[in-house]
Structure formats: structure tokens, C-alpha cells
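The structure appears below as C-alpha cells.
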Amino acid sequence: MPGEKVLVVEDEEDIQELIRYNLAREAYNVTCVTCGEEGLKSAQSLSPDLIVLDLMLPGVDGLEVCRALKSNPETAPIPVVMVSAKGEESDVVVGLELGADDYVTKPFSPKILLSRIKAVLRRKTEGPVDKDGVIKIKNLTLHPGRHEFLVDNIKVDLTFTEFKILQTLAARPGWVFTRSQIVDAVRGDNYAVTDRSVDFQVVGLRRKLGDSAEFIQTVRGVGYRFQE
Ligand code: CA
């Protein structure tokens with residue numbers, strides 16, 4: 001939506017300018033700051049609709065900023081899209097687990113960043129889950145109450161864990177889940193799930209999804225996401 005406020009925390013001038021230019025062109029209201037302290041201050045004073053946060057910042061780094069944002073009830077609801085350099089997957093995982101919404105890896109195309117930002121802002125307002133918890137996306141229907149999964153209206157049998165994983169991912173399309181976030185979502189039903197068994201379960205799940213298997217994307221070094 002035009003006019004939505006985006007706060008950009010990025011110390012590299014050329015990247016900051018690239019982001020500013022492309023967001024402003026789409027009529028976003030952009031504010032740029034160059035360090036973590038200013039980022040935290042502006043997050044409070046501006047209450048932006050979204051924050052683009054570089055992880056590698058002088059002084060208070062991006063992860064610390066993310067942690068501070070997410071532990072303050074005032075700023076916790078503001079979605080965060082992280083900007084990371086190659087090889088910072090472990091930081092990305094930490095950031096996602098702290099509550100960041102998504103990330104892009106440098107060098108990124110403005111088009112990718114924009115589509116991530118738009119998707120994150122859209123997710124704030126709409127989701128595929130109806131009031132009964134039923135998830136409908138394209139040709140897929142998940143009915144948690146009945147533990148029923150349909151592809152093109154044909155019932156497909158999933159194990160309890162496969163069902164839970166699919167439910168977790170599909171409830172928030174586009175959202176990256178780390179393996180341990182998936183483990184947390186599935187656990188609690190006396191089934192011992194580990195990070196590695198998540199991968200194993202996803203293999204089984206994809207096989208059962210057939211042509212729709214491509215909806216479950218592997219996010220290298222990080223986890224999985226459901227992407228239409
Ligand atoms: Ca930087």
C-alpha cells in the first residue's frame with residue numbers, strides 16, 4: 001500500500017540508496033538510518049510498518065537490534081526483513097528465531113527485496129486460515145479438526161508429523177521456518193522430533209504431495225517455507 005512507512009537500517013550508503021530509491025518509487029514512505037542505536041530510536045518514534053535491517057552494522061549489530069525490537073512490546077509487532085551477507089546463514093537462523101519475518105542475501109535485486117517486503121506486509125492483514133482453522137491454498141485443503149488433507153479434493157493420508165509440518169508451513173505462506181521452529185511446532189505430542197528428522201519428514205511429505213511438492217521449498221542452510 002502506498003504511504004506505508006518503512007525504516008531502513010543499513011550502514012552501506014550505496015545499498016541504503018538502492019533500497020531507498022526502489023521503495024520510494026513504489027510510494028513507500030522511507031526513512032534511512034545507519035546504525036543500530038538510531039534504528040532502535042527510530043523504531044520507537046516512527047512506529048514504521050516494516051523494518052529492513054542489515055545484520056552487519058557498526059556498534060549494536062543487527063541481531064542485537066532484532067532482539068531488542070522483539071523484546072519490547074511496543075516494537076515487537078513490527079515486521080523485520082533482515083539483510084544478510086553470504087555466509088551469515090547461522091545469523092539468519094538466529095534472527096528468524098528471534099522473530100524476524102524474512103531475509104534477503106546480499107547482493108540482492110531490488111525486485112526480490114520489494115517482493116519480500118510486499119509479502120510480509122500482506123501477511124499482516126490476510127492469511128489462508130479460516131475461523132475453523134481450515135487452510136485452503138490453491139488445490140490444497142488442510143482440515144486440522146478432522147486431521148484431513150485433500151489435494152484436488154482427493155484425500156491424501158499423512159502421518160501426524162507430516163500433517164503438523166504442513167500445517168505449520170502452510171498457515172503462513174512465504175514465511176521461512178527454521179528446523180527448530182518446526183520441531184517446536186510439532187513437538188508436544190510425545191513424538192521425538194529432531195532437526196534431522198524434519199528433513200526426513202519433508203521428503204515423505206513431498207512424495208505424498210505429488211505435483212504440489214514444489215510448494216514446500218528448502219531454504220538452504222536455514223529451513224523451509226511454503227511458497228505458492
Ligand atoms: Ca552493513
Side-chain angles (χ1 to χ4, degrees), residues 1 49-51 66 69-70 76-82 92-104 115-195 197-228:
M1 250 178 289
D49 295 289
L50 183 139
I51 298 173
C66 188
L69 288 171
K70 292 301 172 185
I78 306 171
V80 172
V81 174
M82 300 177 284
V92 166
V93 169
V94 174
L96 291 170
E97 282 165 6
L98 286 172
D101 294 69
D102 207 341
Y103 73 99
V104 290
S115 75
R116 293 285 160 79
I117 287 174
K118 283 181 185 166
V120 168
L121 287 170
R122 208 164 46 227
R123 289 205 294 260
K124 273 173 53 174
T125 51
E126 46 183 82
V129 188
D130 76 8
K131 61 178 174 25
D132 301 317
V134 178
I135 300 172
K136 281 191 187 149
I137 302 173
K138 299 223 165 143
N139 58 333
L140 311 181
T141 308
L142 238 90
H143 199 304
R146 290 190 217 137
H147 187 81
E148 200 174 76
F149 174 56
L150 307 169
V151 180
D152 297 318
N153 292 318
I154 297 163
K155 221 175 136 179
V156 174
D157 281 326
L158 299 182
T159 66
F160 178 84
T161 309
E162 288 166 350
F163 191 92
K164 275 288 214 179
I165 292 175
L166 184 59
Q167 185 188 353
T168 303
L169 298 177
R172 294 168 113 178
W175 196 283
V176 186
F177 287 87
T178 67
R179 288 179 178 77
S180 73
Q181 284 175 321
I182 295 171
V183 169
D184 285 346
V186 174
R187 199 165 19 207
D189 301 273
N190 64 39
Y191 185 90
V193 197
T194 62
D195 283 19
S197 68
V198 168
D199 295 338
F200 182 73
Q201 296 284 341
V202 167
V203 171
L205 189 52
R206 282 188 176 133
R207 200 178 299 134
K208 291 178 183 178
L209 281 169
D211 290 345
S212 306
E214 62 193 25
F215 289 148
I216 300 179
Q217 291 184 351
T218 303
V219 184
R220 261 190 76 193
V222 178
Y224 295 96
R225 79 160 101 208
F226 188 99
Q227 189 78 59
E228 286 173 51

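All values below come from the heavy atoms of this structure, side chains included, with hydrogens, waters and symmetry mates left out. For the single chain, residues carry numbers from 1 onward in sequence order.
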- Rounding to 0.5 Å, atoms CG (Leu96) and CH2 (Trp175) come to a distance of 9.5 Å

- Do Tyr224 and Leu205 pass the side chain to side chain contact (heavy atoms under 4.5 Å, CB included) test, and can you show the C-alpha distance, the side-chain angles, and the key distance before you say yes or no? CA-CA 12 Å; Tyr224 295 96; Leu205 189 52; over 6 Å; no

- salt bridge (Lys or Arg N to Asp or Glu O under 4.0 Å) partners for Lys155, two or more places apart: none

- Interatomic spacing from CG in Leu142 to CD in Glu148 - rounded to 0.5 Å: 10.0 Å

- When rounded to the nearest 0.5 angstrom, what distance separates CG in Leu98 from CG in Leu69? 10.0 Å

- The reported gap from CG in Leu150 to NZ in Lys136 (rounded to nearest 0.5 angstrom) is 9.5 Å

- Which pairs pass salt bridge (Lys or Arg N to Asp or Glu O under 4.0 Å) with one or both residues in residues 203-223, sequence neighbours excluded? Glu162-Lys208

- Message: Tell me which one of Leu140, Val176, Ile165, Ile135 satisfies side-chain contact (heavy atoms from CB on, under 4.5 Å) with Phe226.
- Response: Leu140

- How about Asp132: does its CG atom have over 12 heavy atoms from other parts shown lying under 6.0 Å from it? yes

- Is the backbone of Pro77 close enough, under 3.5 Å, to the side chain of Lys70 for a donor and an acceptor to pair up by distance? no

- Task: Would you name the heavy atoms of Ser212 and Asn139 that are closest together and state the gap between them?
- Result: OG-ND2, 3.3 Å

- Message: Walk me through whether Gln181 and Thr168 qualify under side chain to side chain contact (heavy atoms under 4.5 Å, CB included).
- Response: CA-CA 9 Å; Gln181 284 175 321; Thr168 303; over 6 Å; no

- Query: If you round to the nearest 0.5 Å, how far is CD of Gln201 from CG of Leu166?
  - Reply: 12.0 Å

- Task: Please name the pair of heavy atoms, one in Lys164 and one in Val186, separated by the smallest distance, quoted to 0.1 Å.
- Result: CB-CG2, 3.8 Å

- Out of Asp101, Ile51, Asp49, which one pairs with Pro79 under the side-chain contact (heavy atoms from CB on, under 4.5 Å) rule? Asp101

- If you measure from OG1 on Thr161 to CD1 on Ile182, what distance do you get to the nearest 0.5 Å? 12.0 Å

- What are the two closest heavy atoms between Phe215 and Lys138, and how far apart are they? CZ-CD, 4.2 Å

- Query: What's the shortest heavy-atom distance between Cys66 and Ala100, and which atoms?
  - Reply: SG-CB, 4.0 Å

- Item | Heavy-atom closest pair, residues Ile137 and Ala170 | CD1-O, 3.4 Å

- Note on the structure: Val93 and Gly221 have their tightest heavy-atom pair at CG2-O, 3.7 Å

- Message: So, using side-chain hydrogen bond (donor to acceptor under 3.5 Å, both in side chains) as the criterion, who are the partners of Ser180 when residues are at least two apart?
- Response: Glu97

